[in-house]
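Below is one structure, written out as structure tokens; the observations come after it.
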Amino acid sequence: MAFHVRKATKIIPHFRNGMRFLGSLRETPFAVHKIGNKVLGFENMLNHLSAHRFKSTKVEKQIDSVNDDRDNQVLNFPGGKVKFTPQLSFVPEREEERVPCFRVLDDNGQPSMFSNFTQVSKEIAMKMYNDMVTLQTMDTIFYEAQRQGRISFYVTSLGEEAINIASAAALSLDDLIVPQYREAGVLVWRGFTLKEFASQCFGNKYDYCKGRQMPVHYGSKRHNYFTVASTIASQIPHAVGAAYSMKMEKRDACAVTYFGDGGTSEGDFHAALNFAAVLEVPVIFICRNNGWAISTPISDQFRSDGVVVKGRAYGVRSIRVDGNDALAVYNTVRAARKMAIQEQRPILIEALTYRVGHHTTSDDSTRYRPVEEMEWWRVAKDPVSRFRKWIESNGWWSDEAEAELRSSLRKQLLEEIQLAERSEKPPVADAFTDVYDVPPSNLEEQERWLRKTIKTHPQDYPSDFPLL
């Protein structure tokens with residue numbers, strides 16, 4: 001029987017390279033491998049690599065005495081040497097001082113004289129402001145449309161415009177966005193049109209999801225924007241997997257995933273951070289800590305110093321930033337992207353902000369938080385107003401330009417909503433496609449049942465609902 005013999009002259013002990021090495025071995029139908037004078041089968045090869053990786057745990061090599069002083073002895077443990085101590089001391093549950101929050105602009109839109117930040121050009125600054133106002137206006141009008149019963153559901157980003165737009169401005173279009181559901185501003189920055197937004201929310205024939213998704217659950221392959229899923233935190237491990245793929249392909253890009261503070265209470269968040277740290281993948285985790293996970297305040301979610309400290313626990317480089325300061329967010333994400341790609345490492349960003357609007361149109365946040373609190377954040381901490389003060393101080397903006405921009409946007413949005421509302425819906429057949437190459441019998445039966453129901457009860461469906 002013919003078989004292949006491969007001589008491994010060097011075994012790489014690191015897991016990330018080891019698994020790639022093993023993957024190539026699996027391709028041979030029958031293979032044995034020579035290590036020194038030993039010939040190993042595939043299963044023995046696995047054991048050999050595992051033993052090589054953890055060889056430092058052998059008892060006879062555990063303790064290395066630096067000198068005669070017992071206090072200076074160390075444990076040579078996987079991950080690095082650990083010093084011994086004769087003192088009984090527990091790691092405190094949290095430091096006395098909280099992790100500081102990076103910011104550039106104060107509440108009056110003026111940069112701190114001690115802040116070290118990368119200045120943005122007039123062109124980028126003006127697009128950032130234009131898109132922040134676009135997102136704010138779009139949220140207001142679509143919210144009103146939902147309240148009028150014209151669409152079934154909506155989620156606003158009010159109070160979080162800086163995180164949306166500034167982070168998008170700091171990224172490359174090659175970077176994959178794996179969003180939650182409050183990141184429409186990233187699509188605004190990438191060129192998703194008002195018509196595309198309206199078509200998705202109204203679920204007409206121009207909707208890329210063919211009317212099969214809830215409103216605000218956008219997705220666009222052209223804009224490298226993964227389709228939104230309603231399930232909390234499920235997108236975070238997906239982003240890590242995508243980043244691992246980018247690493248294997250040696251792409252000059254990273255994956256970026258967004259989530260709220262509530263998402264960090266899900267197991268997916270913790271699994272994803274550990275996954276990313278161990279495999280050392282280029283992914284940026286952006287947490288919008290807006291104080292409330294629907295009706296649950298952060299004080300009822302965790303007792304740690306917010307989210308930023310969770311990164312350190314998993315070995316992920318982390319930073320806390322003022323999420324209402326567009327320049328601070330821009331600088332933070334820009335630096336994070338550079339580190340993630342050049343150093344092949346995950347980065348966690350905790351952006352402190354506040355959800356000014358309700359969680360969704362299905363929520364009434366006045367039932368669990370004071371109206372005065374919401375109003376204070378809306379007026380005193382508005383990220384759009386703060387950034388406007390900065391561009392005005394640079395002589396780049398005026399009251400006249402502001403009025404013209406908002407009037408034009410409102411007119412465009414109302415026109416697109418009317419067109420989207422009148423546009424034909426996707427045909428019934430589209431509800432059963434794009435999953436199976438050959439539809440199974442039970443799915444064909446469901447389609448027949450639906451068509452019969454529409455014909456029997458036409459009053460329950462739009463008159464222009466296409467059956468073909």
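Index from 1, following the sequence.
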Under a 3.5 Å cutoff, is there a donor and acceptor pairing between the side chains of [X] and [Y]?
X: N204; Y: E424; value: no
X: D364; Y: T366; value: yes
X: Y218; Y: E183; value: no
X: S408; Y: Q412; value: yes
X: H217; Y: T227; value: no
X: T231; Y: S234; value: yes

Spacing of [atom1] belonging to [X] relative to [atom2] belonging to [Y], to within rounding of 0.5 Å:
X: Y368; Y: T296; atom1: OH; atom2: OG1; value: 9.0 Å
X: R251; Y: I341; atom1: CZ; atom2: CD1; value: 10.0 Å
X: L279; Y: Q344; atom1: CG; atom2: CD; value: 11.5 Å
X: L273; Y: Y314; atom1: CG; atom2: OH; value: 7.0 Å
X: D131; Y: L187; atom1: CG; atom2: CG; value: 11.0 Å
X: S121; Y: M126; atom1: OG; atom2: CE; value: 11.0 Å

Just to verify, what does [X] make a salt bridge (charged side-chain N to carboxylate O under 4.0 Å, His left out) with, not counting sequence neighbours?
X: D399; answer: R388
X: E343; answer: R317, R345
X: R410; answer: E144

Could you tell me whether [X] and [Y] have a side-chain N and a carboxylate O separated by less than 4.0 Å?
X: K210; Y: D434; value: yes
X: R303; Y: E93; value: no
X: D382; Y: R386; value: no
X: R448; Y: E445; value: no
X: R222; Y: E196; value: yes
X: D325; Y: R103; value: no
X: D305; Y: R320; value: yes

Using a 6.0 Å cut-off, check whether atom [atom1] of [X] has over 12 heavy atoms from anything other than its own residue.
X: E95; atom1: CD; value: no
X: Q459; atom1: CD; value: yes
X: Q110; atom1: CD; value: yes
X: E123; atom1: CD; value: no
X: E97; atom1: CD; value: no
X: R190; atom1: CZ; value: yes
X: N394; atom1: CG; value: yes
X: R312; atom1: CZ; value: no

Less than 4.5 Å apart, side chain to side chain, heavy atoms only: is that true for [X] and [Y]?
X: V428; Y: L450; answer: yes
X: I284; Y: I286; answer: yes
X: E161; Y: F387; answer: no
X: S167; Y: Y258; answer: yes
X: F285; Y: I349; answer: no
X: S365; Y: R355; answer: yes
X: F432; Y: P439; answer: no
X: L419; Y: K195; answer: no

Taking side chain to side chain donor-acceptor pair (under 3.5 Å) as the test, write out the residues that go with [X], two or more places apart.
X: E416; answer: none
X: K381; answer: D107
X: T134; answer: N130
X: T353; answer: N324

Closest contact, heavy atoms only, [X] versus [Y]:
X: I347; Y: M339; answer: CD1-CE, 4.0 Å
X: R150; Y: Q418; answer: NH2-CG, 4.3 Å
X: C201; Y: P215; answer: O-CG, 3.6 Å
X: E266; Y: A233; answer: CB-CB, 3.7 Å
X: S152; Y: Q146; answer: O-NE2, 3.3 Å

query = Is the cationic atom of K455 (NZ for Lys, CZ for Arg) positioned less than 6.0 Å from the six-membered ring centroid of Y461 and within 45 degrees of its normal?
reply = no
message = List the residues meeting ring pair (Phe, Tyr, Trp, His ring centres under 6.0 Å) with F269, not counting sequence neighbours, and say none if there are none.
response =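 F269 satisfies ring pair (Phe, Tyr, Trp, His ring centres under 6.0 Å) with F259 only.
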message = For Y225, give me all partners under ring pair (Phe, Tyr, Trp, His ring centres under 6.0 Å), at least two apart in sequence or on another chain.
response = none
Please tabulate, for the side chains in residues 168-182, all donor-acceptor contacts under 3.5 angstrom to protein atoms that are two or more places apart in sequence or on a different chain.
{"unit_1": "S172", "atom_1": "OG", "unit_2": "D174", "atom_2": "N", "d": "3.1"}
{"unit_1": "D175", "atom_1": "OD1", "unit_2": "C254", "atom_2": "N", "d": "3.0"}
{"unit_1": "D175", "atom_1": "OD1", "unit_2": "R337", "atom_2": "NE", "d": "3.4"}
{"unit_1": "D175", "atom_1": "OD1", "unit_2": "R337", "atom_2": "NH2", "d": "3.3"}
{"unit_1": "D175", "atom_1": "OD2", "unit_2": "S172", "atom_2": "N", "d": "2.8"}
{"unit_1": "D175", "atom_1": "OD2", "unit_2": "R337", "atom_2": "NE", "d": "2.6"}
{"unit_1": "Q180", "atom_1": "OE1", "unit_2": "G260", "atom_2": "N", "d": "3.2"}
{"unit_1": "Q180", "atom_1": "OE1", "unit_2": "R288", "atom_2": "NH2", "d": "2.3"}
{"unit_1": "Y181", "atom_1": "OH", "unit_2": "H359", "atom_2": "NE2", "d": "3.2"}
{"unit_1": "R182", "atom_1": "NH1", "unit_2": "T156", "atom_2": "O", "d": "2.8"}
{"unit_1": "R182", "atom_1": "NH1", "unit_2": "H359", "atom_2": "O", "d": "3.2"}
{"unit_1": "R182", "atom_1": "NH2", "unit_2": "H359", "atom_2": "O", "d": "3.2"}
{"unit_1": "R182", "atom_1": "NH2", "unit_2": "H359", "atom_2": "ND1", "d": "3.2"}

Pairwise ring-ring contact (aromatic ring centres under 6.0 Å, His included) hits with a residue in residues 99-128, at least two apart =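 The answer is none; no pair qualifies.
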request  = Output every pair passing ring-ring contact (aromatic ring centres under 6.0 Å, His included) with a member in residues 128-177, not counting sequence neighbours, ordered by first then second residue.
outcome  =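 Applying ring-ring contact (aromatic ring centres under 6.0 Å, His included) to every pair that reaches into residues 128-177, excluding sequence neighbours, yields Y129-W397, F142-Y154.
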query = Would you find a donor on one side and an acceptor on the other, under 3.5 Å apart, between the side chain of N289 and the backbone of L352?
reply = no
